[in-house]
Protein chains: 2
Amino acid sequence: MTWHGEDTPRKDADLLLLDQQICFSLNAASRAFGGVYRTALKDLGLTYPQYLVMLVLWEDGTLPVKQLGERLRLDSGTLSPLLKRLEAAGLVTRERSPEDERSVIVATTPAGRELREGALAVPRRILAAAGLPLDDLRALRELLTRVTANLDAAGA
Amino acid sequence: MTWHGEDTPRKDADLLLLDQQICFSLNAASRAFGGVYRTALKDLGLTYPQYLVMLVLWEDGTLPVKQLGERLRLDSGTLSPLLKRLEAAGLVTRERSPEDERSVIVATTPAGRELREGALAVPRRILAAAGLPLDDLRALRELLTRVTANLDAAGA
DNA sequence: CACAATTCAATTGCGCACAACTGAATCGGT
DNA sequence: ACCGATTCAGTTGTGCGCAATTGAATTGTG
């Protein structure tokens, strides 16, 4: 062990602190958004991750689980049960692709598409609750996108 | 500037898109950090949330579950089992306060304090993986802190 | 002092996240 | 045509996150 008692190098301690602040604030912000979404989506009967899935489906209408996972950065272990619940709620259908029996195609039902009308009111509430000007929000999105790309590249 | 227009389907669609990007990128960034931490903390035998708990304990040494929860924005439902696992790993102790028997005091063990040495190497790896200049990271932290405070205030 | 309200940690139940694995379908090389 | 490797979705197991509840300890009020 290369421990020098009280003599911790200051640089390491400083980085430990900054790291603590970054990772904690990111974690906290993500959960804070989740909390606001939870209440905003309660009427729609959706959870926050389910809402993210529906957003993709509202945009694209129909696509296999695989591509859904790539869009949302989620694997089948997360999506399979989540999609089952959306199916049970009558919002999506799941059927195996005729061309490739391994693949499962997810599509919105009429009820799932109708839900979009109710969802249109949600973003304004969220963005209002965030309380940042649009420019700051865009800057935030930019930083987050870059850092995620870097982290994924470093992890791979 | 208030754009509460009479005819706003287009604006709603735009906000839906921005909202989608913000909440998704935040969620994705949080999980991307988690992934990098997962591998970085593997040797220490800690999960990411457990690491956050240890960071607070390394800083303060000893404090009740309640205050730990306030610092980390977590409730007893999350902390109780987490602390039990840290206790089982021999990193912390939990004992009821003599002055107030409702309160449980969490403290690091010698083994828990020793772990800090190994943790000092982690932040550099994470910050390097993030791949952003320190100024950007500080700006990111600033935006996240502000947005979390706003969201919590709006939710309360 | 009595007793209702409050403050704690812990527990239960549900859903998400992810690693590891299973099994079926498909693809590729020979 | 065969067979090993790959690509899918799904399952299992562990841990986090949070709402709701429980039960014990403490505080406040009459």
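Since we're looking at a predicted model, the values are computed, not measured. Note: hydrogens, waters and symmetry copies are ignored here, and every other heavy atom, side chains too, is used.
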Evaluate the side-chain proximity of [Y] to [X]: yes if any heavy-atom separation is below 4.5 Å, no if none is.
| X | Y | value |
| --- | --- | --- |
| Arg125(B) | Val122(B) | no |
| Glu59(B) | Gln20(A) | yes |
| Leu41(A) | Thr47(A) | no |
| Leu26(A) | Leu26(B) | yes |

Would you indicate which nucleotide in [options] comes nearest to any side-chain atom of [X]?
| X | options | answer |
| --- | --- | --- |
| Gln50(A) | dG15(C), dA9(C), dC18(C) | dG15(C) |
| Lys66(B) | dC18(D), dA17(C), dC8(C) | dC8(C) |
| Val65(B) | dT11(D), dA9(C), dG17(D) | dA9(C) |

Spacing of [X] atom [atom1] relative to [N] atom [atom2], expressed in whole Å:
| X | N | atom1 | atom2 | result |
| --- | --- | --- | --- | --- |
| Phe24(B) | dA17(C) | CZ | C1' | 14 Å |
| Leu79(A) | dG10(D) | CG | P | 9 Å |
| Arg73(A) | dC18(C) | CZ | P | 6 Å |
| Leu86(A) | dG15(C) | CG | P | 11 Å |
| Leu74(B) | dG15(D) | CG | C1' | 13 Å |
| Asp75(B) | dT7(C) | CG | P | 16 Å |
| Lys42(A) | dC14(C) | NZ | P | 16 Å |

Once hydrogens and angles are ignored, does a donor-acceptor distance under 3.5 Å link the base of dA10(C) to the side chain of Ser76(B)?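 Counting by modelled atom types and ignoring angles, a donor-acceptor contact under 3.5 Å is found here.
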Looking at Thr47(B) and dG15(D), is any side-chain donor or acceptor paired with a base atom of the opposite kind under 3.5 Å? no
Looking at Arg73(A) and Asp152(A), does any basic side-chain N land under 4.0 Å from a carboxylate oxygen? yes
I'd like to know if Glu70(B) and Lys66(B) make a salt bridge, using a cut-off of under 4.0 Å between side-chain N and carboxylate O.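 Yes, this pair counts.
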For DNA chain D, find the residues of residues 87-102 of chain B with a heavy-atom distance under 4.0 Å and give them by number; none if there aren't any. Glu99(B), Asp100(B), Glu101(B), Arg102(B)
